[in-house]
There are 2 protein chains.
Amino acid sequence: MTDHSPHLHTEYSPLFDYFNNLHRISDEAKDAIEAICNISKIPKNKDLQSIGHTCRTIYFVKKGIARIYYYKDGTDVTESFAFENSLIARVESLFTGKPSRKGIQVLEDSEFIGISSPLLFDLYDQFPDIERLFRKIFESAYVETVNRIESLQFHSAEERYHALTQESPDFLKRIPLKYIASYLGITQVSLSRIRALR
Amino acid sequence: MTDHSPHLHTEYSPLFDYFNNLHRISDEAKDAIEAICNISKIPKNKDLQSIGHTCRTIYFVKKGIARIYYYKDGTDVTESFAFENSLIARVESLFTGKPSRKGIQVLEDSEFIGISSPLLFDLYDQFPDIERLFRKIFESAYVETVNRIESLQFHSAEERYHALTQESPDFLKRIPLKYIASYLGITQVSLSRIRALR
DNA sequence: ATGATTATTTAACATTTGTAAAAGGAATCG
DNA sequence: CGATTCCTTTTACAAATGTTAAATAATCAT
């Protein structure tokens, strides 16, 4: 059981475990990805990425929770959450190169693996399997987003809340209700009312 | 000005023009795609794809308009529209292989170029440029979808309506209001009220 | 053209959600 | 521990949207 491969048993292994479930890539490809990664540790409530900058990093959540947020008429709106073992990025900026009106904030003391997106996109030419891996990653994310639209477009706030609590009870345990409310597209007061029903 | 390339000046040329703007592919790749395409002409109000089947075709709208729709508690809901020179597919089924609860209906006498998605995905191995082209296509579609969530999540119905009419006046000219209403996430009556404001 | 069908608007009322302010709880920090 | 701050709930009222039904308007088929 020799360990000649630098990417095994390192601080990056949760990321490669995650990748392996989606598309197998060669050890050379893993090394190439590892070379464009780095670790960020962010304390609770701080920003991992601030509003106004162009998204040039795709983050893997090793530990903790993050949310993408923005301001709409002065009020804080949560676009999405990311828990452990998932990726988070401000896609609309990542793929357009435009500055993002959104930021990424951390809700617990958290640890991320950051992947430089310009360097990653460069790797696509050299490693077709890396391109394929990330194609699949974003295709899945796209599908989630389409399903989310369906939820926002024609389910009541109450239905959305109950769907959320059933699908992932972690939401309620680890995320303040004020953030859940805007994620559901309603106010905090409205959410309290829904919760009071039973 | 010889025309030795079979994909030029054919009924498929609008599709390849569309592709060219996103990512150049070789003539061989074009030929390979052409081999898995076919034309569908569908009369107004008919279904191009019916509810309940798995999505195995990506359509390019050559002429006309189509919409993706489904039923929520018996009422018809429009998820999205596609005009000329754009692609339409039930993504959540295309990428998961699961049957779709959604259908595609045609709103004018329309003409489509259908691309077989299983055959297309097979081409990805042989033609990395085809994989790259469609990666870019779906990345753009993903970005649109993320922006749509922002719109549904925290803009009022009135804001959404005015944004729609300004961005694409074609909507009002060519699409019945009853379909626009559910696309905006509101009822027809509500939309009439908004329109009556001025 | 004419009648039938379909689409859109209007009206009245019910329900949901928003807003603002206050009160109660929970967490945090010195 | 105590004080402060932040989070959540509650209250009362306003605004937006839904529901049902009826009235117009537009379109379609013969």
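In the text below, chain A, chain B and the rest are named by the order of the sequence lines, each starting its count at 1. Here the structure is a predicted model, which means the values were calculated and not measured.
- We find that NZ of K72(B) is positioned 13 Å from C1' of dG18(D), with the value rounded to whole Å.
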Could you list the protein-to-nucleotides 19-25 of chain D atom pairs, N/O on both sides, closer than 3.5 Å?
none

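- In this entry the distance linking CG of D73(B) with P of dG18(D) reads 14 Å, nearest Å.
- The aromatic rings of F121(B) and Y124(B) lie tilted to each other, with the angle between the two planes from 30° to 60°.
- One can place CG of L172(A) at 16 Å from P of dA26(C), the figure rounded to the nearest angstrom.
- In this entry the distance linking NE2 of H155(B) with P of dT17(C) reads 20 Å, nearest Å.
- The shortest distance between side-chain heavy atoms of L15(B) and E34(B) does not fall below 4.5 Å.
- Atom CG in N45(B) sits roughly 14 Å away from atom C1' in dA29(D) (whole-Å rounding).
- In this structure, Y179(B) has its ring center at least 6.0 angstrom away from the ring center of F81(B).
- With a 4.5 Å cut-off on side-chain heavy atoms, H23(A) and R135(A) do not count as touching.
- Each of F16(A), F112(A), Y18(A) was evaluated against F60(A); a single residue qualifies, Y18(A), per the ring-ring contact (aromatic ring centres under 6.0 Å, His included) test.
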Can you name the atoms? Protein N/O to nucleotides 5-8 of chain C N/O, anything below 3.5 Å, with the distance.
{"residue": "dA7(C)", "atom": "OP1", "partner": "K178(B)", "partner atom": "NZ", "Å": "2.6"}
{"residue": "dA7(C)", "atom": "OP2", "partner": "K178(B)", "partner atom": "NZ", "Å": "2.8"}
{"residue": "dT8(C)", "atom": "OP1", "partner": "L177(B)", "partner atom": "N", "Å": "2.9"}
{"residue": "dT8(C)", "atom": "OP2", "partner": "L177(B)", "partner atom": "N", "Å": "3.2"}
{"residue": "dT8(C)", "atom": "OP2", "partner": "K178(B)", "partner atom": "N", "Å": "3.1"}

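- Between F134(B) and F138(B), the ring planes are tilted. Angles from 30° to 60° get that label.
- Inter-residue side-chain proximity for L164(B) and Y183(B) is flagged as met; some heavy-atom pair is nearer than 4.5 Å.
- Looking only at side-chain heavy atoms (C-beta outward), I113(B) and K62(B) come within less than 4.5 Å of each other.
- Between I186(A) atom CD1 and dT16(C) atom C1' there is a gap of 11 Å when expressed in whole angstrom units.
- Following rounding to the nearest Å, E158(A) (CD) and dG18(D) (C1') show an atom-to-atom distance of 15 Å.
- With 3.5 Å as the limit, one finds no donor-acceptor pair spanning the side chains of Y70(A) and E150(B).
- K173(A) has its NZ atom 20 Å from the C1' atom of dA27(C), to the nearest Å.
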